Amino acid sequence: MLVYHLPGTFETRENHLDLLWEAGATGLEERAGLIRAYFDERLDLPTDIADGEWRAEADQDWLAQFKANLRPVRAGRVTVVPPWLLHEVEPGQVPLVIEPGMAFGTGHHATTRMAVEALSALDLGGQRVLDVGTGSGVLAIAAALLGAGSALGLDIDPLTIPIARENAEINRVPPGRATFLEGSVGLGQELPEDAAPDGVFDVLVANLYAELHDLLAGEYALHLRPGGPLILTGILTSKLDLVRTALDREGFGDVTVREDGEWVLVTARA
Ligand code: SAM
């Protein structure tokens with residue numbers, strides 16, 4: 001297997017990632033301050049990305065290795081766990097089973113973990129929760145397991161919807177307590193009336209990215225009842241101000257910020 005090691009991270013070399021894809025990279029990964037770009041053959045690369053090193057590495061069963069290294073992730077009252085580690089969930093914790101690797105949201109990313117923690121800190125009893133960018137469904141399912149009356153997960157990627165539905169079934173979420181639909185807020189899409197009358201929810205959570213939060217902040221205000229908690233993550237620390245400004249513009253208050261490494265979670269109230 002041929003891997004090109006480029007010094008830097010996805011963030012510091014954001015402008016160079018396209019060059020790697022255009023040169024024919026078949027995959028990109030970031031590990032320990034290096035971008036690892038997988039190639040089928042050695043090539044001459046453009047000057048901007050010529051400061052890396054080519055390495056031939058032994059083929060490995062990456063999936064088996066990834067699965068072997070997975071640990072349960074404790075996030076507040078919830079432990080996100082792959083099916084084969086269910087027995088490791090501590091008594092008193094709410095187990096949330098996610099089969100890793102099928103859609104974003106195994107609990108291992110700081111943003112997912114912080115969002116589950118933020119949900120777990122709320123009293124969700126009977127509440128209507130909207131999860132924008134649901135991926136594996138992890139946040140909507142967490143909300144349902146924490147007692148939400150209903151949770152609606154939306155994602156623009158149609159491939160995520162059957163995965164999220166299957167994860168809800170694995171977690172024995174009663175039918176109707178977690179619903180997953182292709183779509184988003186801000187697309188003029190009617191949201192199901194039984195999920196929330198007039199499309200207004202008690203809690204809104206979204207793990208997207210700062211620029212999208214900026215674009216969608218007005219929609220968040222429309223879909224959240226006055227005083228309802230908003231939980232936003234997927235935000236790089238360097239882009240926090242963009243989100244703060246958007247929340248201010250749309251009249252959100254009580255803003256709190258939590259950081260984990262380069263990632264931020266913001267909470268606010270409508
Ligand atoms: N909610 C999961 C979690 O917290 O782990 C997955 C979050 S993942 C970072 C973001 C998801 O948002 C992806 O599944 C992506 O397809 C979806 N997405 C991206 N843009 C979106 C949009 N405008 N509206 C709804 N979903 C979107």
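Side chains are part of it too, since the values below use all heavy atoms of this structure and drop only hydrogens, waters and symmetry mates. Quantities reported herein were computed from a predicted structural model and do not represent experimental measurements. Counting convention: from 1, in listed order, for ligands and their atoms alike.
- If you look at L208 next to ligand 1, the close heavy atoms, those under 4.0 Å, all belong to the side chain.
- For the pair E99/E166, no side-chain contact is recorded, criterion being any heavy-atom separation below 4.5 Å from C-beta on.
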Under 3.5 Å, which donor-acceptor pairs link side chains of residues 202-210 to any protein atom two or more places apart or in another chain?
unit_1: D202; atom_1: OD1; unit_2: R225; atom_2: NE; d: 3.1
unit_1: D202; atom_1: OD2; unit_2: R128; atom_2: N; d: 2.7
unit_1: N207; atom_1: OD1; unit_2: G234; atom_2: N; d: 3.3
unit_1: N207; atom_1: ND2; unit_2: T111; atom_2: OG1; d: 3.0

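- Closest to atom 21 (C) of ligand 1 by heavy atom, among T111, I231, I156, is I156.
- Looking at L139 against ligand 1, only its side chain comes within 4.0 Å, counting heavy atoms.
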- Which is it for T112 and F104 under the side chain to side chain contact (heavy atoms under 4.5 Å, CB included) test, yes or no, and what are the steps along the way? CA-CA 9 Å; T112 312; F104 190 105; 3.6 Å; yes

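- In terms of N/O distances under 3.5 Å, ligand 1 is approached by G133.
- For the pair V257/R244, a side-chain contact is recorded, criterion being any heavy-atom separation below 4.5 Å from C-beta on.
- Heavy-atom separations between G183 and ligand 1 include at least one value shorter than 4.0 Å.
- Looking at S184 next to ligand 1, an N or O pair under 3.5 Å apart turns up.
- The pair K239-D214 does not count as a salt bridge, with every side-chain nitrogen at least 4.0 angstrom from each carboxylate oxygen.
- At least one N or O atom of T112 sits closer than 3.5 Å to an N or O atom of ligand 1.
- Scanning the protein heavy atoms around atom 10 (C) of ligand 1, the nearest turns out to be N207 O, 3.3 Å.
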Side-chain polar contacts of residues 263-270 - donor-acceptor pairs under 3.5 angstrom, sequence neighbours left out - could you list them?
unit_1: T267; atom_1: OG1; unit_2: T256; atom_2: OG1; d: 2.4
unit_1: R269; atom_1: NH1; unit_2: G227; atom_2: O; d: 2.9

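- Relative orientation of the W54 and F39 rings is perpendicular, given thresholds of 30° and 60° on the angle between their planes.
- Closest to atom 15 (C) of ligand 1 by heavy atom, among D155, V116, T160, is D155.
- For T134, every heavy-atom contact with ligand 1 shorter than 4.0 Å involves the backbone, none the side chain.
- Residue contacts with ligand 1: D157 is placed with no nitrogen or oxygen under 3.5 Å of a nitrogen or oxygen of the ligand (distance criterion only).
- Scanning the protein heavy atoms around atom 8 (S) of ligand 1, the nearest turns out to be F104 CD2, 3.4 Å.
- Remark: ligand 1 atoms within the under-4.0 Å shell around heavy atoms of G105 are 5 (O).
- Considering every non-hydrogen atom in both D155 and G135, the closest pair reads OD2-N, 2.9 Å.
- Remark: side-chain polar atoms of E14 are not paired, donor with acceptor, to backbone N or O of T9 under 3.5 angstrom.
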